[in-house]
Amino acid sequence: MTLKVIPSIEALTPYEAGKPLEQLARELGVTDAIKLASNENPYGPSPKVVDALRAAAPDVHRYPDSTGYRLRHRLAERLKVSPEEIVLGNGSNELLELLVRTFCTRESHVVFAEPSFVVYRMASMAQGVPFTAVPLRDQTHDLEALARAVTPATRLVFIANPNNPTGTFVTRARLTRFLEEIPADVIVALDEAYSEYADAEDYPDGLTLRDRRRHLVVLRTFSKIHGLAALRVGYAVAPTAVVQYMNRVRAPFNVSSLAQEAAIAALDDPEHEQRCRAANRAERERVTRALSELGVTVVPSQANFLFIDLGRPARPVYEALLRRGVIVRPFTGLENNLRVTLGTPDENERFLKALAEVSK
Ligand SMILES: *Cc1c(COP(=O)(O)O)cnc(C)c1O
């Protein structure tokens, strides 16, 4: 019997994650490698998180609180929204998928930019939902073109701000205009996985734009600045009605008890977040300058990574960096580009030195 698969899943390719350190050790025998490939926080989680995980470990025989009561209330307090406007996810990744599963059918349509976070495409294809991928303009979301791509069937528009993989952002003025212009029944999902790293004066905090359109969903994650990538926890802030529909579809117990406790502990250590933000900003400026001196084109970044253009095929450079124990991120279809996560100052030095060597 042949396996019957819907065409959009037949066409899907699995998510290409940054290469794990253990895999590089297995494949090339490189054991002292550094990973600058997945936009993780190089400084790790707050020590308070580690304590909270230890304290919670003996209770893992119990199912977690499926409603995430304490974490939602803590977030609500901090973000000045209602707990009923928050839904927790197994990473914000799960929430991106949940949006598609909750609000789209094969008769619907989704809009997002390209290149942007590949999960928007994957989530649409997995459900067989048609989509339009709108090219970036000057490495930034082309909001006018995105608005033009909206059809009467469009249910969802995804916007990553700052964008991954380019690190660029859309300004408050342009985003506000977009939110007010596109049809009222379209859900705009503003993916702010890197918002805590953004410091441009006209970078908009999506939560301050919620009065500009009813169907706005702001997504954030504990995976990036909070350093909890392995635990899988993110959240969406959305109108209560949207949250209620997502809760109908959401799997019970989707966020583990360890993840919930760790996220609460992370919120209890704003100084750690502050230190990580400051260190990232300093390294972002320094590494951008150093790369420019090497003759590499760097897209101005508001995130914890740099999108670089080598002006020649990047795969061989990626491979040569791997052999020197530096894992960065290549992208299929973006032949001259690499995305490099900002690491600690030592890690960044090692990357710069390795890049200079392989560029000789
Ligand atoms: C990393 C990332 C996410 C989600 O990460 P999770 O670990 O699933 O919370 C979402 N959007 C973008 C743009 C990202 O880069």
Side-chain angles (χ1 to χ4, degrees), residues 14-18 20 35-42 44-45 49 68 71 75 86-101 110 112-124 126 133 136 139-141 156-170 175 188-198 203 206 217-238 246 250-251 254-256 258-260 262-263 266-267 273 276 280 299 301-307 328-329 331 334 338-342:
Y15 181 80
E16 191 189 350
K35 186 181 174 206
L36 304 175
S38 301
N39 302 342
E40 296 147 344
N41 183 337
V49 164
L71 176 54
L75 281 167
I86 299 176
V87 53
L88 305 178
N90 195 262
S92 54
N93 204 313
E94 185 198 26
L95 297 169
L96 297 168
E97 287 177 6
L98 195 53
L99 280 169
V100 176
R101 286 199 284 134
V110 173
F112 49 79
E114 180 174 65
S116 188
F117 194 41
V118 291
V119 169
Y120 313 146
R121 176 189 297 264
M122 292 179 67
S124 303
L136 299 182
Q139 310 286 10
T140 311
H141 277 76
L156 258 175
V157 179
F158 288 108
I159 295 180
N161 199 32
N163 189 39
N164 177 8
T166 56
T168 52
F169 75 105
V170 292
L175 186 57
V188 177
L190 204 53
D191 183 352
E192 296 190 336
Y194 304 97
S195 63
E196 296 93 343
Y197 288 112
Y203 172 79
V217 178
V218 177
L219 298 129
R220 303 239 176 109
T221 179
F222 285 91
S223 298
K224 305 288 160 58
I225 203 163
H226 295 294
L228 308 188
L231 290 171
R232 316 304 304 126
V233 51
Y235 59 95
V237 180
M246 289 171 79
R250 176 175 69 81
N254 61 326
V255 181
S256 79
L258 296 180
Q260 292 185 39
L267 293 173
E273 179 183 341
C276 294
N280 181 72
V299 177
S301 171
Q302 280 289 297
N304 66 339
F305 55 86
L306 299 175
F307 189 63
V328 298
R329 184 75 152 75
F331 291 90
L334 300 171
L338 292 173
R339 190 193 67 195
V340 187
T341 304
L342 293 157

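Remember, it's 1-based here, ligands and their atoms both numbered in the order they're listed. By convention here, the first residue in the shown sequence is residue 1.
Aromatic ring centres of Y194 and F169 lie farther apart than the 6.0 Å criterion allows.
The closest approach between a heavy atom of S92 and any atom of ligand 1 is below 4.0 Å. Not a single heavy atom of N39 sits closer than 4.0 Å to an atom of ligand 1. In this structure, E94 has no heavy atom closer than 4.0 Å to ligand 1.
Ligand 1 has an N or O atom lying under 3.5 Å from an N or O atom of N93, backbone or side chain. Between N90 and ligand 1, no N or O atom pair is found at a separation short of 3.5 Å.
A donor-acceptor contact shorter than 3.5 Å links the side chain of Q260 to the backbone of V255. In this structure, N280 contributes its side chain and A303 its backbone to a donor-acceptor pair below 3.5 Å.
Considering only non-hydrogen protein atoms, atom 2 (C) of ligand 1 sits nearest to K224 NZ, 2.4 Å. Counting only heavy atoms of the protein, atom 9 (O) of ligand 1 lies nearest to T221 OG1, 2.5 Å. With hydrogens left out, the protein atom closest to atom 13 (C) of ligand 1 is D191 OD2, 3.4 Å, a heavy atom.
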R339 vs N164, side chain to side chain donor-acceptor pair (under 3.5 Å): CA-CA, chis, key distance, verdict = CA-CA 9 Å; R339 190 193 67 195; N164 177 8; 2.8 Å; yes
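In the model, E192 has no side-chain atom that pairs as donor or acceptor with a side-chain atom of N161 under 3.5 Å. Looking at S116 and N163, their side chains do bring a donor and an acceptor atom within 3.5 Å of each other.
Counting heavy atoms only, Y194 comes closest to atom 15 (O) of ligand 1 of the residues Y194, F117, Y120.
In summary, the atoms of ligand 1 found under 4.0 Å from a heavy atom of S223, numbered by their order in the structure, are 6 (P), 7 (O), 9 (O). Distances below 4.0 Å separate heavy atoms of A193 from the following atoms of ligand 1: 2 (C), 3 (C), 10 (C), 11 (N), 12 (C), 14 (C). Near G91, the atoms of ligand 1 lying under 4.0 angstrom from a non-hydrogen atom of the residue are 6 (P), 8 (O), 9 (O). Counting atoms of ligand 1 from 1 in the listed order, those under 4.0 Å from a heavy atom of R232 are 6 (P), 7 (O), 8 (O). Of all the atoms in ligand 1, the ones that sit under 4.0 Å from a non-hydrogen atom of N164 are 13 (C), 14 (C), 15 (O).
In this structure, the separation between CD on E114 and NE2 on H141 is 11.0 Å, given to the nearest 0.5 Å. Atom CG of N39 and atom OG of S223 lie 10.5 Å apart (nearest 0.5 Å).
Between Y120 and F117, the ring planes are perpendicular. Angles over 60° get that label, and only those under 30° would be called parallel.
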